[in-house]
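These figures come from a predicted structure and were not determined experimentally.
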Amino acid sequence: MELILDILYIYAALYTIFFLALAIRNLNDKKFKIEKRYSQYEDKDNLAVVIYAHNNYETLEKLIKELKAQDYPIVNFKVYLILDNCTDGSQNLCQNDSFIHTINIKEVGTIGKDQAISILLEQLSQDDYIDSFVFIDADRSIAPDFLSTVNAALTKHNVLSGETIIDMENFGPIDKIKAAYQKYHMNFIRRARALFGLASQADSGVFIIKKEIVNEIGDVDFKDINSELKYSLLLSKIKCKCTYNPNIQTVVDSTNYVFRKPRLSARLYLFRNALTQIFSKNFVFTEHVLSLIYPNIWTLLIVYAIVLKHSYSSYFFLDFKFVLFTFILLVIGFALSLIESKLNKTEILRLFMYPAYSLGHIIKNFPLIRKLINKIKNQEDLPENVQKFDVDIMVATNRGNTLNCKMQFISDNGLAKIRFFYKNKKFTTATHLRMIDALNELKTKLDDYGFILKICSCCSHFTPNFDGSTNMLKGFCNSDYPSPSIKEPKPTLIWNTCNDFCPAELNSLIAEMVKESNQGQ
């Protein structure tokens, strides 16, 4: 027991010293201010700006206008737009526009950012014009000097990530707490690490990399937040670390922003597999690997509480006063970290509430508690052999807004249910014998709150195909869009949609499907 306490204290004390060093270093960001001031005078790289879009019509339109208004020489950058199965008319934004080079992916479903970008990179691999890639999501907004700032940062670093500024106007209380922590983490932890020359995690929302690095590695890895972390470690290993630069800023509104954080299990898995490789002269990679097991606030508080109590009343290899002194250093470090964190008084109060949210999140995700909560909500965890099918959809509000959401069709031993996702919230229907019954429950639930599923089965142009199957997933579209010359009904699936979506009467089509299906049984 004594040995365990010794190890825990050394672990906490070393991190305390590191944390205090970060806080002190973050007080002086002269380096970034000078770089920003002289960004216009650097030699110009030829940039390939790659935009990934999936039903982001409004923000994409704004982003294209912002790119056209850049103060960067137009001869030094090209814009490549990837439209991944867009059904919101995004393709109309770039018709006959030589400024945008468009790749329109359709009729194969939504393939995702990682695969879509891989397709483009393969096409551009032999393009000698390009010096660097600038990846940016279509839901971002940028300033007129964005590309100039990127170019200035590229003179000293090969791989870069930037600051994401979140518009918190429509956030609820919990999301505002998370947003305050996100802002603190960017303006303190990530910026201080950059000032020390340490590596940062790649962020596919805004990511800049030299083409020669992409050619060396072979691709980028943007599957999810965990794969981005793995990719960041790979960059550190080949001595091309991803560097955070707060001058590179993008803005995203609360409707489009999703809080992402690598899972603890993923971090521990990467740490375990990289542990044998840290004993090298590559200090940045070694530190990056060790950062995977940096303690959170609750770990530090619990360790210090136990060690302080033990060293005060019993023998410990260090005196109680020394242990108390290191704890005071931690408190001082935290106070200093707030100075340059750019948090206002309200956001600081929310930051102090983050540990309570974090504790609640940890407790909620304990296996036994999670199973109990899911059972109460009738949202039982899915077994590994369950069949799932994910579909990106849009939902219309009674105010005329459109939200990007996701539906997951779940088949478990012949029973059906649907899981609906919007940002960090989700709703799962009860288990039904047929998929149409689960869809009817979801549609009714959304109707109660004034939302309309913009999918074929909820459109007045849709006619179900009574093919004798139980789930009734097929139908016909009677709309003239996009080809009025085609008079015959076009085959479609219940989750598809198009620009000619017209809401059907409440539950009318699904009710018809249920009725006809019952008659056929």
*Asks:* Without swapping roles, check the side chain of Gln70 against the backbone of Ala143 for a donor-acceptor pair under 3.5 Å.
*Replies:* yes
*Asks:* Does the ring center of Phe188 lie less than 6.0 Å from the ring center of Phe19?
*Replies:* yes
*Asks:* With no hydrogens and no angle check, just 3.5 Å: does a side-chain donor-acceptor pair link Arg193 and Thr243?
*Replies:* no
*Asks:* Quick one: does Asp203's side chain have a donor or acceptor within less than 3.5 Å of a partner on Gly162's backbone?
*Replies:* no
*Asks:* Is it true that, when you exclude Lys44 itself, more than 12 heavy atoms of the residues, nucleotides or ligands shown sit nearer than 6.0 Å to its NZ?
*Replies:* yes
*Asks:* Do any N or O atoms from the side chain of Asp167 and from the backbone of Asp253 form a donor-acceptor pair under 3.5 angstrom?
*Replies:* no
*Asks:* Working to the nearest 0.5 angstrom, can you tell me the gap between Ser39 OG and Asp145 CG?
*Replies:* 6.0 Å
*Asks:* With a 4.5 Å limit on heavy-atom distance, are the side chains of Ser254 and Met168 in contact?
*Replies:* no
*Asks:* For side chain to side chain donor-acceptor pair (under 3.5 Å), just list the numbers for Thr429 and Arg419, CA-CA rounded to whole Å, side-chain angles, deciding distance to a tenth of an Å, and then say yes or no.
*Replies:* CA-CA 6 Å; Thr429 67; Arg419 183 162 290 172; over 6 Å; no
*Asks:* Just wondering, are more than 12 heavy atoms of other shown residues or ligands nearer than 6.0 Å to CE in Met394?
*Replies:* yes
*Asks:* Ignoring hydrogens and angles, state whether a donor on the side chain of Asn26 or Glu340 is under 3.5 Å from an acceptor on the partner side chain.
*Replies:* no
*Asks:* Give a yes or no on whether a salt bridge exists between Lys211 and Asp127, defined as a side-chain N under 4.0 angstrom from a carboxylate O.
*Replies:* no
*Asks:* Any side-chain heavy atom of Phe207 sitting closer than 4.5 Å to one from Val159?
*Replies:* yes
*Asks:* State plainly whether the residues Glu163 and Arg191 are in salt-bridge range, i.e. N to O under 4.0 Å.
*Replies:* no
*Asks:* Could you tell me whether Asp45 and Lys210 have a side-chain N and a carboxylate O separated by less than 4.0 Å?
*Replies:* yes
*Asks:* Is the shortest heavy-atom distance from the side chain of Ile103 to the side chain of Leu81 under 4.5 Å?
*Replies:* no
*Asks:* For Tyr315, does its backbone N or O pair with a side-chain atom of His310 as donor and acceptor, under 3.5 Å?
*Replies:* yes
*Asks:* As an exercise, state the distance from NZ of Lys176 to CZ of Arg350, rounded to the nearest 0.5 Å.
*Replies:* 5.0 Å
*Asks:* Should Leu67 and Ile51 count as side-chain neighbours, where that means a heavy-atom distance under 4.5 Å?
*Replies:* yes
*Asks:* Parallel, tilted or perpendicular: which one describes the rings of Phe320 and Tyr312, with boundaries at 30° and 60°?
*Replies:* perpendicular
*Asks:* When rounded to the nearest 0.5 angstrom, what distance separates SG in Cys242 from CG in Asn158?
*Replies:* 11.0 Å
*Asks:* For the rings on Phe135 and Phe222, is their centre-to-centre separation under 6.0 Å?
*Replies:* yes
*Asks:* Any chance you could measure Ile136, atom CD1, to Ser204, atom OG, to the nearest 0.5 Å?
*Replies:* 11.5 Å
*Asks:* Hydrogens and angles aside, do Glu66 and Ser141 bring a side-chain donor and acceptor to less than 3.5 Å of each other?
*Replies:* yes
*Asks:* Are Asp29 and Lys31 ion-paired here, with the side-chain N under 4.0 Å from a carboxylate O?
*Replies:* no
*Asks:* Decide whether Asn296 and Thr299 meet the rule of one side-chain donor and one side-chain acceptor closer than 3.5 Å.
*Replies:* yes
*Asks:* Working note: Tyr257 + Gln182, criterion side chain to side chain donor-acceptor pair (under 3.5 Å); need CA distance, chi angles, decisive distance, verdict.
*Replies:* CA-CA 12 Å; Tyr257 189 75; Gln182 191 89 335; 2.3 Å; yes
*Asks:* Rounded to the nearest 0.5 Å, what separation is found between the CG atom of Leu20 and the OG1 atom of Thr326?
*Replies:* 11.5 Å
*Asks:* When you measure from the side chain of Tyr129 to the backbone N and O of Phe77, does any donor-acceptor pair fall under 3.5 Å?
*Replies:* yes
*Asks:* Can you confirm whether Asn55 sits close enough to Asp392 that some side-chain heavy atom of one is under 4.5 Å from a side-chain heavy atom of the other?
*Replies:* no
*Asks:* For the side chain of Thr16 and the backbone of Ala12, is there at least one donor-acceptor N/O pair under 3.5 Å apart?
*Replies:* yes
*Asks:* Do Lys261 and Ile225 have side chains that approach each other closer than 4.5 Å (heavy atoms only, starting at C-beta)?
*Replies:* no
*Asks:* For a quick test of reading the model, state the closest non-hydrogen atom pair linking Tyr231 to Asp219 and the distance between them.
*Replies:* OH-O, 3.3 Å
*Asks:* Take Asp139 and Asn56 through the side chain to side chain donor-acceptor pair (under 3.5 Å) test and state the conclusion after the steps.
*Replies:* CA-CA 6 Å; Asp139 57 13; Asn56 305 105; 5.0 Å; no
*Asks:* Side-chain contact, heavy-atom cut-off 4.5 Å: Leu147 with Val49?
*Replies:* yes
*Asks:* Ring centres under 6.0 Å, that's the criterion: do Tyr80 and Phe133 meet it?
*Replies:* no
*Asks:* Does any non-hydrogen side-chain atom of Thr286 lie less than 4.5 Å from one of Ser280?
*Replies:* yes
*Asks:* Between Lys106 and Asp84, does at least one N-O distance fall below 4.0 Å, as a salt bridge requires?
*Replies:* no
*Asks:* Hey, what do you get for CG (Leu233) to CD1 (Ile238), rounding to the nearest 0.5 Å?
*Replies:* 12.0 Å
*Asks:* Around Arg263, counting heavy atoms of other residues, nucleotides and ligands shown, do more than 12 lie under 6.0 Å from its CZ?
*Replies:* no
*Asks:* Classify the side-chain pair Tyr9/Ser311 by whether it contains a donor and acceptor separated by less than 3.5 Å.
*Replies:* no
*Asks:* Treating Asn245 as the side-chain partner and Leu154 as the backbone partner, does any N or O pair qualify as donor plus acceptor under 3.5 Å?
*Replies:* no
*Asks:* Under 6.0 Å from the six-membered ring centre of Phe420 and within 45° of its axis: does the NZ or CZ of Lys426 meet both?
*Replies:* no
*Asks:* Tyr294 vs Phe18 aromatic rings, parallel, tilted or perpendicular, using cut-offs 30° and 60°?
*Replies:* tilted
*Asks:* Can you classify the ring geometry of Phe171 versus Phe259 as parallel (below 30°), tilted (30 to 60°) or perpendicular (above 60°)?
*Replies:* tilted
